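Any value given below was found using the heavy atoms of this structure, including those in side chains, with hydrogens, waters and symmetry copies removed. Note that the coordinates shown come from a computational prediction; the quantities given were computed from them, not determined experimentally.
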Number of protein chains: 6
Amino acid sequence: MLITAVYPGTFDPITYGHSDIAQRAANMFDHVIFAVADSPHTNKRPVFTLAERVALAQTVFHPYDNIKVKSFSGLLINFAKKNKARIIIRGLRAVSDFEYEFQLAGMNRSLMPDIETVFLPTSPQYTYLSSTLAKEVARLGGNVQPFVHPCVYAALLAKMQANRQ
Amino acid sequence: MLITAVYPGTFDPITYGHSDIAQRAANMFDHVIFAVADSPHTNKRPVFTLAERVALAQTVFHPYDNIKVKSFSGLLINFAKKNKARIIIRGLRAVSDFEYEFQLAGMNRSLMPDIETVFLPTSPQYTYLSSTLAKEVARLGGNVQPFVHPCVYAALLAKMQANRQ
Amino acid sequence: MLITAVYPGTFDPITYGHSDIAQRAANMFDHVIFAVADSPHTNKRPVFTLAERVALAQTVFHPYDNIKVKSFSGLLINFAKKNKARIIIRGLRAVSDFEYEFQLAGMNRSLMPDIETVFLPTSPQYTYLSSTLAKEVARLGGNVQPFVHPCVYAALLAKMQANRQ
Amino acid sequence: MLITAVYPGTFDPITYGHSDIAQRAANMFDHVIFAVADSPHTNKRPVFTLAERVALAQTVFHPYDNIKVKSFSGLLINFAKKNKARIIIRGLRAVSDFEYEFQLAGMNRSLMPDIETVFLPTSPQYTYLSSTLAKEVARLGGNVQPFVHPCVYAALLAKMQANRQ
Amino acid sequence: MLITAVYPGTFDPITYGHSDIAQRAANMFDHVIFAVADSPHTNKRPVFTLAERVALAQTVFHPYDNIKVKSFSGLLINFAKKNKARIIIRGLRAVSDFEYEFQLAGMNRSLMPDIETVFLPTSPQYTYLSSTLAKEVARLGGNVQPFVHPCVYAALLAKMQANRQ
Amino acid sequence: MLITAVYPGTFDPITYGHSDIAQRAANMFDHVIFAVADSPHTNKRPVFTLAERVALAQTVFHPYDNIKVKSFSGLLINFAKKNKARIIIRGLRAVSDFEYEFQLAGMNRSLMPDIETVFLPTSPQYTYLSSTLAKEVARLGGNVQPFVHPCVYAALLAKMQANRQ
């Protein structure tokens, strides 16, 4: 059987934590769709537009044959179904992730019982890393090069400069 | 002794998770007041007005003799005192609930020592359910009928339609 | 309706944390049965015999009219049923308690659906207190008077002395 | 690529919680090895022998073509390697599972970097279920039929009867 | 060696929970800098201005020789470096604090490896206390005198009155 | 002021996780006592004798001037007092550590109010590491060289060989 897995998120912007999860998923499943959500689950407005977030992810995953970047809006399970994906990938960093993720997985399963959510533990070196912290550090003038792909680093700098003007 | 318990919340809107807790509390205590808070504890503005949230809860609890729906503003402990209630009911779904709830219980007890908070575990089938997730699913076009009373379902549909226009 | 609640545990020995929970439950429910388990849930052998644990609890609760001390063996839900109790009381100190307690509550409910488990938060000053820590401190020669009733203190000293010989 | 996943555990005895995880894994990966550990990770001696635990699992998974039951001793990663499995499956019920499982996953990855551990959330109805609780309930005379396969139920009854004599 | 530790936060406003941590840190390290952040880590706009928050803290710590109040903006690690502080103090109340704090500590360490974060457990009586809860209680007309220094109490009352007009 | 801190534990045997914590503490406080407990807090009997555990730690810390290895029995707070130490160091790896450690810290503070417990977060690369896992891996024939000092590695091999005979 050929298995397609969806790895959804806001990815505002994509960090090495996200790409690590996606690449490990790509070693496990035949196809991985890196699914950039139009609307985040939270109230916070994204710093990067949907098109920007998709473009950054496409640059990052360019070398990976079985990772495709797509955007989606609406219910994740509908997107998964349309793409014939039965598996949702989520990274887990910490206990608080765990709880929210379990609620989300339960809700998705309740809406569509043949959808499975699988969790991959974040690699130790990325445990402390999140898009929010990366943006915060960049905003305050810290060096985020160890945390994000060079193209994301450049985009963050440009965005911060634009916001200052 | 006749015991009155208060089950407070924003209930924006009431879900089957909430009504399950209230009905179980009503089997334990003589009177249960389902207390709809005027101002939510968080910054998020409710989707339903206070009057709408109260009306939905009243429809849901119509068949239950010892559950009364009331609204309140100001400190919960003052509302409890005015209603001669010594017990506050809270549902617990997850560890993160647990922590916030414990802080709240501690604060309430510190403000009024003879108030007791008791916690009821959410039924397994509602562990993943929250008003926030229900609204999110409804907003994205998913079916929330398994999660809320028919009157709440209708109200959610109407609200979503109104927001779209 | 007259409500009977059961507060079960190994109580090896009873601490001020346990008596605090029982007394608060006794303000909420008509009758509270302090139910000392013959066999602990864990592999650890109790330091005090069942008879000793019951006797200590009886001394502690002597002034409380609606708290009765009983011992039980076998399934808690059968004991609850025999005593016409529909409510199980559990104290919650910490997140790790929370999880085990939720599993236990779920299992009990699955075995007997009309049994409800309610959780009372441990008072702040007893958050760090457990029978295990109290015994450990006593064994190492520390003063456990702030943690246990005088009769338990005396019993712990006697037990420790006996173990040394 | 054909992917083999290992689902390791002590399985003393296998419950519906375990078989649910294994069957869901079997919908995701080409081959699943249900790997019964000779030595449990904890100090507790198993109630069922290794041969008994393997036989019970084989009965349970008889209808499943791509689930094979095997026993192993020694390091899990060596067993995985020998079976050309790059993926370890673990079920997650609760936060406390989460932590231990993450440590184990980190250790395994440190010992063999190309091994991946993926986590599947336990189905809501099995959240409270564990081999330990099932054995405890059986020992105390409770009905464990809702929690285990009929063959396991019979084996538990027989084992409990044998222990009583 | 003379050690300087920084205790950073938004302190909007300072509570007895914060001053307890700072005073205990001042018994451990030669100098403690109570560092009031210009921009909070979260999106929420502070109720008190930076100048007000600094002034309140200065009143609170007036009697303490080795606690200095300073404000900072930008990256905490740059502020720490400029003040020759190698240690960051954080208070821990609850598991959810723990996780966020660990991520922050990891990020700071990754940005500047010789910075150490040490955690002090909040005293039991302040476990339920936070600036957010104190403001909420004050806003709803509750008495926050047990939670904050008299000067903070007066400032909260004045602020609430100003907001009402 | 000259500050002495105690870092207590069973250290059966000392791992790189422990030595990392001790060395970081030694950069913060004037003197660090690495205090090897005669009796572990748990029921598990140590694999290494007290003398062996002390000797291994002494080899590990030989290059560190302000780290002294001592053994102790009885209450930690009495040991701390005798050594004029007001500070107890504990490493934190995970949420479950956090809870137990907070209870212990609360108990110690209740027994001796001027004792402070400070927590240091374990370095990311040692998050998954514990003495128990290291022994388990060694017992099963895995390579524990990345986790322990060469002298501990040799001792583990010898101990495992002795146990097999």
Side-chain angles (χ1 to χ4, degrees), chain B residues 1-7 20-32 64-67 80 84-128, chain C residues 1-7 20-32 64-67 80 84-128:
Chain B
M1 54 186 164
L2 286 185
I3 301 272
T4 299
V6 171
Y7 176 26
D20 172 63
I21 294 284
Q23 290 157 22
R24 285 158 53 202
N27 285 330
M28 254 177 243
F29 300 108
D30 301 283
H31 302 290
V32 169
Y64 295 86
D65 275 350
N66 66 338
I67 303 179
K84 297 193 192 334
R86 282 184 308 108
I87 291 176
I88 294 170
I89 301 286
R90 301 291 287 176
L92 277 187
R93 278 174 311 176
V95 168
S96 47
D97 286 0
F98 172 89
E99 299 230 312
Y100 176 70
E101 293 295 338
F102 259 46
Q103 287 189 12
L104 218 57
M107 181 57 102
N108 280 332
R109 212 179 174 195
S110 150
L111 291 166
M112 197 169 292
D114 56 345
I115 284 275
E116 289 285 351
T117 304
V118 304
F119 297 100
L120 269 68
T122 296
S123 298
Q125 69 269 35
Y126 302 130
T127 302
Y128 54 79
Chain C
M1 55 186 163
L2 285 186
I3 301 272
T4 299
V6 171
Y7 176 27
D20 173 64
I21 294 284
Q23 290 156 22
R24 284 158 54 202
N27 286 329
M28 254 178 243
F29 299 109
D30 301 283
H31 301 291
V32 169
Y64 295 87
D65 274 352
N66 67 337
I67 304 178
K84 297 190 191 335
R86 283 183 308 107
I87 292 175
I88 295 170
I89 302 285
R90 300 292 287 178
L92 277 187
R93 276 174 314 176
V95 167
S96 47
D97 286 358
F98 172 89
E99 299 231 311
Y100 176 70
E101 293 295 337
F102 260 46
Q103 287 190 12
L104 218 57
M107 182 55 104
N108 280 331
R109 213 180 172 193
S110 151
L111 291 166
M112 196 169 293
D114 56 345
I115 284 274
E116 290 283 352
T117 304
V118 305
F119 296 99
L120 270 69
T122 296
S123 299
Q125 68 270 34
Y126 302 129
T127 303
Y128 54 80

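Residue C:S110: no heavy atom, backbone or side chain, is found under 4.5 Å from chain B. For C:N27, the parts lying under 4.5 angstrom from a heavy atom of chain B are both the backbone and the side chain.
Around the CG atom of B:D114, the shell of radius 6.0 Å holds more than 12 heavy atoms that belong to other residues, nucleotides or ligands.
A distance of 8.5 Å separates CG in C:L120 from CD1 in B:I87, rounded to the nearest 0.5 Å.
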Subject >> Intermediate values then yes/no, side-chain contact (heavy atoms from CB on, under 4.5 Å), C:L92 and B:L92 >> reply: CA-CA 12 Å; C:L92 277 187; B:L92 277 187; 4.1 Å; yes

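Of the residues considered (C:A5, C:G106, C:A25, C:S123), C:S123 shows the highest number of contacts with chain B, using heavy-atom pairs under 4.5 Å.
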